[in-house]
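The structure under discussion appears below in the form of structure tokens.
These numbers come from the heavy atoms of this one structure, side chains and all, not from hydrogens, waters or symmetry mates. Positions are given from 1 along the sequence.
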Amino acid sequence: MKRVFGAKKNKDPPPSIQDASDKITKRGDTVEEKIKKLDVELSKYKEQIKKTRPGPAQEAVKARAMRVLKQKRMYEGQRDMLYNQTFNLDQVQFAAEGIKDAQQTMSALKSANKELKGAMKTVKIEDIDNLQDEMMDLMDVSNEIQETLGRSYNVPDDLDEDELMGELDALEADMGFETEADGVPSYLQPDKEPDLDAELNLPSAPAGHTAPGRSNAQTEDELGLPAVPRASLRG
């Protein structure tokens, strides 16, 4: 049967958008090179027209320049058409890539939603509330234990608070009486040295008359007694 009707040929896969865009871009670059060559040729004809006098020779050069200019316009139209096709293909490729990205995003969201639902089944709000209540009870028990361990064993429980407050007020009053004008209590002030003359009951020293020509000042010894006058030698 295959020999009679022939075997069905395998079709080639259609070109991708990127392949078509690259092919068209390559054609556009080829046309652009032709346009550049025509520009060089036109510049030569322009120089010849400037150098040639008006007449048949100049008209012949203008005719050649006109033919080259028409070719340039034709190639420019082809180039613009190819570039427009490339632009359209780029837009289609951008849209296709956007759809692929959206599909991947949806797949990722579905997977995350499934995992979240599975995790929510193991976590319940009631369990969290019960756990919080248990934690509060444990904290209260811990505070009671700390207070019990911090009690003083030597303080009796039958003390009268009013009596203690009265003793505290009396203590503050005593401290106020002992405080001097400068605000320092008497028990914190330095001790004063006793008066040695008052304790010994010594009489005051008599005032002596000084002879003329002598000094009125008398020196005192270390104990504060008047010094014995010295006799002067004559001769």
Take atom NZ of K72 as the centre, draw a 6.0 Å sphere, and report whether it contains more than 12 heavy atoms from other residues, nucleotides or ligands. yes

Pairs under 3.5 angstrom only: tabulate donor-acceptor contacts from the side chains of residues 109-128 to other protein residues two or more places apart or in another chain.
| residue | atom | partner | partner atom | Å |
| --- | --- | --- | --- | --- |
| T122 | OG1 | A119 | O | 2.7 |

Rounded to the nearest 0.5 Å, how far apart are [atom1] of [X] and [atom2] of [Y]?
{"X": "K44", "Y": "L42", "atom1": "NZ", "atom2": "CG", "answer": "11.0 Å"}
{"X": "Q91", "Y": "S21", "atom1": "CD", "atom2": "OG", "answer": "11.0 Å"}
{"X": "T25", "Y": "L89", "atom1": "OG1", "atom2": "CG", "answer": "8.0 Å"}
{"X": "D19", "Y": "K23", "atom1": "CG", "atom2": "NZ", "answer": "10.0 Å"}
{"X": "S142", "Y": "D137", "atom1": "OG", "atom2": "CG", "answer": "12.5 Å"}
{"X": "K36", "Y": "L38", "atom1": "NZ", "atom2": "CG", "answer": "12.5 Å"}

Linking I/L/V/M/F/W/Y whenever any side-chain heavy atoms sit under 4.5 Å apart, do M74 and I24 land together?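 Yes, because M74 and I24 connect within a single hydrophobic cluster, where side-chain heavy atoms sit under 4.5 Å apart.
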
Does T105 use its side chain to pair, donor to acceptor, with the backbone of D101 at less than 3.5 Å?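 Yes.
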
Mind checking side-chain contact (heavy atoms from CB on, under 4.5 Å) for I145 and listing every partner two or more places apart, or none if nothing turns up? V141, L149

List the steps, then state whether side chain to side chain donor-acceptor pair (under 3.5 Å) holds for Y75 with Q71. CA-CA 6 Å; Y75 284 135; Q71 292 178 359; 5.7 Å; no

Taking atom types as modelled, is there a side-chain donor on D22 or Q18 under 3.5 Å from an acceptor on the other? yes

If the condition is side-chain hydrogen bond (donor to acceptor under 3.5 Å, both in side chains), which residues does N88 pass it with, not counting sequence neighbours? none

E97: what forms a salt bridge (charged side-chain N to carboxylate O under 4.0 Å, His left out) with it, not counting sequence neighbours?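 Scan of E97 (salt bridge (charged side-chain N to carboxylate O under 4.0 Å, His left out), adjacent residues dropped) gives none.
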
Residues forming a salt bridge (charged side-chain N to carboxylate O under 4.0 Å, His left out) with D90, sequence neighbours excluded: none

Return the minimal non-hydrogen interatomic distance between Q78 and V31, and the atom names on each side. OE1-CG2, 4.3 Å

Can you tell if the side chain of Q103 reaches within under 4.5 Å of the side chain of I99, non-hydrogen atoms only? yes

R73 and E76: salt bridge (Lys or Arg N to Asp or Glu O under 4.0 Å), yes or no, with the steps? CA-CA 5 Å; R73 292 287 183 269; E76 287 177 351; 3.6 Å; yes

Could you tabulate the donor-acceptor pairs under 3.5 Å formed by side-chain atoms of residues 54-69, not counting sequence neighbours?
| residue | atom | partner | partner atom | Å |
| --- | --- | --- | --- | --- |
| Q58 | NE2 | I49 | O | 3.2 |

